[in-house]
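Order of the sequence lines sets the chain letters (A, B, ...), proteins ahead of strands, with each chain counted from 1. This is a predicted model, so every value here is computed, not measured.
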Protein chains: 2
Amino acid sequence: MSGNESRFEQNSEGAGYLPGLAMDFVIFGFDQDQLKILLLEYRNTNLFALPGGFVKENENLNDAARRVLGERTGLADIYLDQFYTFGDLSRYDQEPLRTIMQAKGMDPKDDHWLLRRFVSVGYYALIDFRRAAPTPDPLSDNCVWYTLENLPALMLDHNDIVKKALETLRANLDRKLGGNESWAAPLLAKAFTMGELQKLYETILGQKLRRSGFQRKMLGLDILERLEKQYSGGAHKAPYLYQFIIDK
Amino acid sequence: MSGNESRFEQNSEGAGYLPGLAMDFVIFGFDQDQLKILLLEYRNTNLFALPGGFVKENENLNDAARRVLGERTGLADIYLDQFYTFGDLSRYDQEPLRTIMQAKGMDPKDDHWLLRRFVSVGYYALIDFRRAAPTPDPLSDNCVWYTLENLPALMLDHNDIVKKALETLRANLDRKLGGNESWAAPLLAKAFTMGELQKLYETILGQKLRRSGFQRKMLGLDILERLEKQYSGGAHKAPYLYQFIIDK
DNA sequence: TTATATTGTCTCATTATGGAACAATAATAA
DNA sequence: TTATTATTGTTCCATAATGAGACAATATAA
């Protein structure tokens, strides 16, 4: 992190990084029946942004994504999906970043590398809300979970990026219904009830599903192992707990 | 095309273009029951590549894609899909491009902008085989249709790019089956038989489909208009001709 | 005129899905 | 202790979708 700090402040040329290329992340977590994503906050500016990063000159693009994801969440081995590359000219707006840098006491020149035009590769990730250690980058003051329905206005085209990420995630859910479902594992506890799994689907898809049909389909996929243990805590029949079958 | 020529030869800095960012195209056409894509050939080098291009400094990424697609095929208003961005270090191999430039009588220095590392945004397009005017770029000698099953070994990671494009196209076919099917229009004649449409699906998906089921599903989508005209030419009952319903 | 290949449609068994019912039961209220 | 309540796991059935094939229709070739 110490070497990280310097790339923003001391190095006005962005040496060691590919010029004009950035990455932005839509990092999904699931907590209390809500989908959330990680946002960066900039104090005194009222600006919010997606976590992002840059690609080193001797680094694979997707490796850079994993590295930055680790830097922001402390997590490795994450379900990570490159979903779109954003390259509109409307992204090229020096104002927000200049405001942020000035709020940090910097006085960047017009040709500071961070103020140039960037094309940004979008990734989304599904991570374990409970294990994540949200960490702001050197320019930000905070890295916080925001409920998807409650997002503030974000910098540049970042709201569009979130929208596209969610669309892609939904489409992939449909397609992956037949395959290995372990994508959902990081979003749930190790053992979970069928109701919790259904709630996760409903939250991502933004619509209610029929209970019996959902149970029928999930059990039919042979990806769930029913545990003998039972959950307790509600004034009703105790549901089974399930785990995803690994390997498969 | 005149201004195009100069960007490769006279301008060793690539001025006016975003550095390190390229686009590669998998341009699909359909002819004689075969799926084909456009390849560039380089004489005296035995090298083949996907058509590609660069993004101007004051141009949207997707607009650049449409521009380059027009330059290579002469076509506008094309179904164009950005499917993945390729950024592995293994792409960074000066040899093929140096060979090509030398075969053209150029002697580029090691830091010639074309010999630097590029991250490339992949697009695929479905175009009308009959209306296309394949046009090589200034570095290439030829722009030719190749059957997908007969592709030669391509430069750099271009075979991977083709593979990924086909995977994406197939996945999108499945998803779009319920929606508007006009994506298929550029690949077929204005009027076509159900058998021709089925053949197109089978070729893209790489598998046989059941005839009665295909007909049932297609007619049920309400996207086809049955024409009174009938095709003739085979020693059998004449099939109906169909058109896609526009607007819808 | 007959044969042949392919088409448009239909049939029927099988499977999947929508929607609801039902008994089971863990906690809570009486 | 007993009744109540909310939620679960399962079953049921009507409807829809799908797989696999049968059959008559017919434009050309023999």
(message) Measuring from the side chain of B/K237 (C-beta onward, heavy atoms only), which nucleotide among D/dG9, D/dA25, D/dA27 has the closest atom?
(response) D/dA25
(message) Looking only at the side chains, is there a donor atom on one of B/Y123 and B/N62 sitting less than 3.5 Å from an acceptor on the other?
(response) yes
(request) Using five base pairs at each end, measure the axis-to-axis angle across the helix from C/dT1-D/dA30 to C/dA30-D/dT1 and round it to 10 degrees. (result) 10°
(message) Judged by each residue's nearest nucleotide on DNA chain D, which is more toward the 5′ side, A/R226 or A/A235?
(response) A/A235
(request) Can you tell me the distance, in whole Å, between the CE atom of B/M218 and the P atom of C/dG8? (result) 14 Å
(request) Using atom types as modelled and distance alone, determine if a side-chain donor or acceptor of B/Q243 lies under 3.5 Å from a backbone N or O of B/A191. (result) no
(request) Evaluate the ring planes of B/F54 and B/F118, with Trp represented by its six-membered ring, and classify them as parallel (under 30°), tilted (30 to 60°) or perpendicular (over 60°). (result) tilted
(request) May I have the distance from B/Q215 (atom CD) to D/dT18 (atom C1'), rounded to whole angstrom? (result) 16 Å
(request) Report the distance from atom CG of A/L197 to atom P of D/dG9, rounded to the nearest whole Å. (result) 12 Å
(request) For B/Y240 and D/dT26, give me the distance from atom OH to atom C1', rounded to whole Å. (result) 11 Å
(message) If we ignore hydrogens and angles and just use 3.5 Å, is the side chain of A/Q198 paired with the main-chain N or O of A/L209 as donor and acceptor?
(response) yes
(request) Whole angstrom is fine here: how far is it from CZ in B/F214 over to P in D/dG19? (result) 13 Å
(message) Are there over 12 heavy-atom neighbours, none belonging to A/R226, within less than 6.0 Å of that residue's CZ?
(response) yes
(request) Would you indicate which nucleotide in C/dT28, C/dT6, C/dG8 comes nearest to any side-chain atom of B/H236? (result) C/dT6
(request) Calculate the interatomic distance between A/E196 atom CD and D/dG9 atom P; express it in whole Å. (result) 11 Å
(message) Under 3.5 Å, is there a donor on one side chain and an acceptor on the other for A/N172 and A/Y124?
(response) yes
What nitrogen or oxygen pairs link the protein and nucleotides 14-18 of chain C at under 3.5 Å?
{"residue": "C/dT17", "atom": "OP1", "partner": "A/K217", "partner atom": "NZ", "Å": "3.2"}
{"residue": "C/dG18", "atom": "OP1", "partner": "A/R210", "partner atom": "NH2", "Å": "3.1"}
{"residue": "C/dG18", "atom": "OP2", "partner": "A/R210", "partner atom": "NH2", "Å": "2.8"}
{"residue": "C/dG18", "atom": "N7", "partner": "A/R216", "partner atom": "NH2", "Å": "3.3"}

(request) Confirm from the modelled atom types if B/R211 and D/dG19 form a donor-acceptor pair under 3.5 Å, side chain to base only. (result) no
(request) Specify whether B/W145 and B/F129 have parallel, tilted or perpendicular ring planes, treating 30° as the upper limit for parallel and 60° as the lower limit for perpendicular. (result) tilted
(message) Taking the basic N atoms (NZ, or NE/NH1/NH2) and the acidic carboxylate oxygens, is any pair closer than 4.0 Å for B/D88 and B/R91?
(response) no
(request) Mind calculating the distance between CG (B/L219) and P (C/dT7) to the nearest angstrom? (result) 14 Å
(message) Over 60° means perpendicular and under 30° means parallel, so tell me whether B/F192 and B/F244 are parallel, tilted or perpendicular.
(response) tilted
